[in-house]
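See below for the structure under consideration.
Values below: all heavy atoms of this structure, side chains included; hydrogens, waters and symmetry mates excluded. Residue numbers run from 1 in the order of the sequence given. Please read these numbers as outputs of a predicted model, since none were measured by experiment. Read the numbers this way: they start at 1 and go in the same order the structure lists the ligands and their atoms.
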Amino acid sequence: MNVTHLECAACGLRHEARRLHNLCVECDKPLLVRYDLGRAAATLTKESLRGRRADLWRYREVLPVEREENVVSLGEGWTPLLRAERLGAKLGMKELLIKDESQNPTQSFKARGMAAAVSMAKELGASKLAVPSAGNAAGALAAYAARAGLEAHIFMPRDTPRANIVECEQTGAHVTLLDGLITDCGAEVARRKEAEGWFDVSTLKEPYRVEGKKTLGYELAEQLGWELPDVIVYPTGGGTGLVGMWKAFDEMEQMGWIDGRRPRMVSVQAAGCAPIVRAFEEGERAAREFADAATVASGLRVPKAVGDFLILDALRASKGVAVAVTDEELLAAVGEIGAAEGLFAAPEGAACLPALRKLLERGEVKRDERVVLFNTGAGVKYLEAFGG
Ligand SMILES: Cc1ncc(COP(=O)(O)O)c(C=O)c1O
Ligand SMILES: [Zn+2]
C-alpha cells in the first residue's frame, strides 16, 4: 500500500488517507492522492508491466485500493490506441492517433473513474453512493455499484440521452431526472446527502475518480513506448481526465520513467458551454459559470467545474490551449471519423477533430507532430442526436 496521504490541490492541507473525504476541510477544493512513489517504483517497473492484467489495475501500485478483494472490476482500461491513418492523411498529418475509450465497460472512459471510486467506497465502508451526472458517469456508477453490491442514487438532467437513463435503470440504480443542468443535480445531491446517508461521488469532489482516470496517462505512455505525444486533444467537461493525465505524467517522472517534457494539453469544449475556453482566453485562474449552457454533446454541458483551476493550470503549464467548436461541427465530425476510421465516436470525442483542424489552420499544431485525440465514449448512446 503506497498511499501516504491526501493533499488539497489548492491550499496543500494534508488529509488522512484511509477515511472517506470529499473536498478540503479548509477551502472546499479538490483533494489529490499522494503516494510514496519511490516505494511504488520498487515493484512497478516498465519490465514488470509486461505480464500484467490487461486493464487499469496493471498500475496497482499507484492506485489507492489497499485490499485486492475490494477491487471492483468489469475489465476497464487498457483500451486501444488506434492509428488514424486515413483521417490523418485527410488532414495532411504524419501521425494521428485515437485513444478509443468507447471500448470500456459501459462504453465510456467514465468507467475508469468509477471503478476506482466504487472500489474505494467499498473499502472505506460507504454503502450508498450518489452522483449528479451528464449521463455517462451515471451509467458507470450504476454498473460498478451493482457489481460491488452498493446502492447508486443518480441525478441527471431530464434531457440526458435516453441510453444513459435506461442503462442506469437496468443496472439497478435509483434514478431521478431533474429539469435543469448537472449543476442543479449536484445541488440536489448536496442538499439531500446528509439526511439520506449518501456518499457524494461527484467528480473531483471525491479523491478517487481522478485516480482511475489518471491511468489514461500511464496507458498512453506505455502504449507509445514511454514517449509521450506532442499534443493531447481532450473533450473537457469536469476535466477529470485531463487533470488525471497531468498528475500521471508527474508521477511517472518522479518514478524515473519519463523526463520533464510534456505534451501540449488541449481542452475542447462546445461553443454552447465553454467556461474553460472563456477563462483561458481571458487569462483567469478559475472559470465563471457559463450561462444557458446548451450542447448535444451532453458530457460537455458542465457550466461550472470544481476543478476548473486545475484544468487551466495544466493547459498553461503545458503551453496548450482551449478551443470551442459548434454542435454542427462536432456532429459532422462523428460521421467523418466514422466513415474514415470505422469508429462511431461520441459527439464529445468527435469534437476533438474540428478543434484539431482549427489548430492546424492557426499553425498552433504542426502537421508532423504526433497528436492523440480522445474518443471518450460511444456514439451509439446518442441516437437522439442523429435523429434516432
Ligand atoms: C463522452 C464524454 N466525454 C467527455 C466528458 C467530459 O469529461 P470530463 O468530466 O473528464 O471533462 C464526458 C462527461 O460526462 C463524457 O460523458
Ligand atoms: Zn484546501
Go through the structure and list residues passing salt bridge (Lys or Arg N to Asp or Glu O under 4.0 Å) with Glu101, not counting sequence neighbours.
-> Arg112
Taking Asn375 for the side chain and Ala345 for the main chain, is one N or O donor matched with an acceptor at less than 3.5 Å?
-> no
Do Leu300 and Val334 share a hydrophobic cluster, counting only Ile, Leu, Val, Met, Phe, Trp and Tyr and linking them when any side-chain heavy atoms are less than 4.5 Å apart?
-> no
Under 3.5 Å, N/O to N/O: give me all the pairs between ligand 1 and the protein, one per line with atom names and distance.
from: ligand 1; atom 1: 3 (N); to: Thr376; atom 2: OG1; distance (Å): 2.6
from: ligand 1; atom 1: 9 (O); to: Lys110; atom 2: NZ; distance (Å): 3.3
from: ligand 1; atom 1: 9 (O); to: Gly238; atom 2: N; distance (Å): 2.9
from: ligand 1; atom 1: 9 (O); to: Gly239; atom 2: N; distance (Å): 3.4
from: ligand 1; atom 1: 10 (O); to: Lys213; atom 2: NZ; distance (Å): 3.1
from: ligand 1; atom 1: 10 (O); to: Tyr234; atom 2: OH; distance (Å): 2.6
from: ligand 1; atom 1: 10 (O); to: Thr240; atom 2: N; distance (Å): 3.2
from: ligand 1; atom 1: 10 (O); to: Gly241; atom 2: N; distance (Å): 3.3
from: ligand 1; atom 1: 11 (O); to: Gly237; atom 2: N; distance (Å): 2.7
from: ligand 1; atom 1: 11 (O); to: Gly238; atom 2: N; distance (Å): 3.2
from: ligand 1; atom 1: 11 (O); to: Gly239; atom 2: N; distance (Å): 2.6
from: ligand 1; atom 1: 14 (O); to: Lys110; atom 2: NZ; distance (Å): 3.3
from: ligand 1; atom 1: 16 (O); to: Asn136; atom 2: ND2; distance (Å): 2.8

With distance as the sole test, does Glu251 use its side chain to make a donor-acceptor pair with the main-chain N or O of Leu37 at under 3.5 Å?
-> no
May I ask you to check whether over 12 heavy atoms, not counting those of Lys247, lie within 6.0 Å of atom NZ?
-> yes
Cation over ring face, Lys213 and Phe109, 6.0 Å, 45° | yes
Residues 117-172 vs ring pair (Phe, Tyr, Trp, His ring centres under 6.0 Å), sequence neighbours excluded, gives His153-His174, His153-Trp198, Phe155-Trp198
Report yes if the distance between the aromatic ring centroids of Phe386 and Phe344 is under 6.0 Å, otherwise no.
-> yes
Show all protein N/O/S atoms under 2.8 Å from the Zn ion (ligand 2), or state that there are none.
-> Cys8 SG, Cys11 SG, Cys24 SG, Cys27 SG
Assess whether salt bridge (charged side-chain N to carboxylate O under 4.0 Å, His left out) is satisfied between Arg14 and Glu7, documenting all intermediate values.
-> CA-CA 5 Å; Arg14 201 180 165 103; Glu7 184 182 273; over 6 Å; no
